[in-house]
Amino acid sequence: MVFKRLLGSLGVGGPTVDTVLDPGAARPGGTLSGRVHLVGGTADHDVEHVALELVARVETEHEEHGDGEGVVVFDRHVVGGAFRLAAGEETSLPFAVPLPWETPATELHGQPLGIVLGVRTELAVAGARDKGDLDPLTVAPLPAQEAVLEALGQLGFGFRSADLEYGRIGGTGQQLPFYQEVELTPPPRYAHQVNEIELTFLAVPGALEVVLEADKRGGPFADGPGGHGGHDALSRFTVPHEGPSGPQDWNTLVDGWIQELVEHRASYGSHAVYGHESGVGAAVVAGAAGIAGGMVAAEVVDEVGDFFEGDSDDGEG
């Protein structure tokens, strides 16, 4: 899908921009390529730069203001420098830019996960900037991420939902201001111990960090002597992109992660969580109150709602 818009801030008769991404899903840490097509307006214009912004729809949580949504700009690349665009002139700028390793996956085996990413094109002309062209970005998981999800499926876990949460997971090397959370329903083997498992991937060039969080069911030791409810347990694991070494396969590795997360905690009571650099509950530090750091665009989801909902008014190509 390609969206074409007249650059409104440049006035009637201004240039138009149409960004076309190369076919196929991109991958985290890989290259995003395509072309930015420009058509001059009714007069000559001096183009200062052409830039691409990667944006994501994220969810925020705040005690006072409740849950909300926003649009985060999580990467930016200038793909064209200063040049003169004559009236009616057509030109095309090829680009190939790297995607952050933590870029979330939007699909698995071609099936959408409910994650919304986009590429927004900014054209700066004579002091005016317009961000009118917005295109959906499709990202497939890394092979190691796909292998973990496949293993969980073979172990009986079911997909419930996926979203992007604004904030940071404490104790990790997280770089982006948000993280992807995949919610999974447990198989019968674990159903009496957990309500769900939440999965987050944090990739770097040499390895994949896997964060697992168990939404614990209540029990005789839960929340003190009275056993009034459950709590969350969180563990982190790291695996090379090429997978486990030796005779161990992905299913065995992932099953071991789940057992460490769930069964050892059950053995030692509500305040003991066994795992690699484990923590309890509040290890996820959101900090969404101010949505600060300059990473969140001032726009809210409503501004680009037509794009996120697949609006066809702008045309498709």
Side-chain angles (χ1 to χ4, degrees), residues 28-29 53-76 99-106 113-118 120 137 139 141-142 145 148-149 159-184 194-204 207-216 229-238 257 261 273 275-305 308:
E53 293 181 337
L54 304 185
V55 298
R57 184 176 67 188
V58 303
E59 297 184 4
T60 62
E61 296 180 1
H62 188 256
E63 292 181 1
E64 295 182 4
H65 305 292
D67 297 345
E69 290 184 332
V71 176
V72 174
V73 178
F74 66 95
D75 206 7
R76 188 175 189 273
L99 283 181
W101 279 93
E102 290 179 15
T103 301
T106 65
L113 297 176
I115 301 299
V116 181
L117 303 180
R120 184 163 57 191
L137 173 60
V139 179
L142 292 166
Q145 295 171 335
V148 171
L149 292 170
F159 175 81
R160 174 173 288 169
S161 65
D163 59 18
L164 301 181
E165 299 282 346
Y166 181 78
R168 299 185 184 276
I169 301 177
T172 69
Q174 181 184 340
Q175 298 296 311
L176 296 185
F178 59 85
Y179 56 93
Q180 183 173 17
E181 190 172 80
V182 179
E183 297 182 356
L184 304 167
V194 296
N195 294 309
E196 67 179 16
I197 296 289
E198 296 172 349
L199 167 70
T200 295
F201 293 122
L202 299 173
V204 295
L208 176 66
E209 187 173 16
V210 181
V211 181
L212 293 171
E213 186 172 7
D215 180 10
K216 313 295 292 187
H231 76 281
D232 292 347
L234 184 145
S235 293
R236 296 164 45 204
F237 306 90
T238 302
W257 293 348
L261 177 68
V273 182
H276 298 275
E277 301 183 62
S278 300
V280 177
V284 177
V285 182
I291 312 185
M295 293 300 295
V296 178
E299 303 87 350
V300 295
V301 172
D302 290 342
E303 179 183 342
V304 289
F308 288 139

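Quick note: numbers below take in every heavy atom, side chains included, and nothing from hydrogens, waters or symmetry partners. These figures come from a predicted structure and were not determined experimentally. For the single chain, residues carry numbers from 1 onward in sequence order.
With rounding to the nearest 0.5 Å, the separation of CD in E198 from CD in E165 is 8.0 Å. The CD atom of E209 sits 4.5 Å away from atom CZ of R236, with the distance rounded to the nearest 0.5 Å. For the atom pair E213 CD and I197 CD1, the distance stands at 9.0 Å (nearest 0.5 Å).
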Notebook entry, point to check: Please walk me through it: do V73 and R120 pass side-chain contact (heavy atoms from CB on, under 4.5 Å)?
Noted result: CA-CA 9 Å; V73 178; R120 184 163 57 191; 3.4 Å; yes
Next item on the list: Check the pair D75 / L99 against side-chain contact (heavy atoms from CB on, under 4.5 Å), numbers first and verdict last.
Entry: CA-CA 8 Å; D75 206 7; L99 283 181; 6.0 Å; no
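Considering every non-hydrogen atom in both A203 and W101, the closest pair reads O-CB, 3.3 Å. Minimum interatomic distance between T103 and P28 (heavy atoms only, all atoms of both residues): O-CG, 3.4 Å. The two residues A105 and L113 have their closest heavy-atom pair at O-CD1, 3.8 Å. For the pair Y166 and P177, the tightest heavy-atom approach, listed with the atom from each and the gap, is CD1-O, 3.3 Å.
L149 pairs by the side chain to side chain contact (heavy atoms under 4.5 Å, CB included) definition with L108, L199, F201, not counting sequence neighbours. Among residues two or more places apart in sequence or in another chain, the side chain to side chain contact (heavy atoms under 4.5 Å, CB included) test is passed with Q174 by E102, R168, I169, T172, Y179, L202. Shown here are the salt bridge (charged side-chain N to carboxylate O under 4.0 Å, His left out) partners of R160, two or more places apart in sequence or in another chain: E196.
With hydrogens and angles ignored, the 3.5 Å screen pairs no side-chain donor or acceptor of E183 with any backbone N or O of E181. At distances below 3.5 Å, at least one donor-acceptor pair connects side-chain atoms of T106 with backbone N or O atoms of V139.
Just one of V210, V182, V211 meets the side-chain contact (heavy atoms from CB on, under 4.5 Å) condition when paired with T200; it is V211.
By the 30° and 60° cut-offs, the orientation of the rings of F237 relative to W257 is parallel.
Residues L164 and I115 have side chains in contact (heavy-atom distance under 4.5 Å, counting atoms from C-beta outward).
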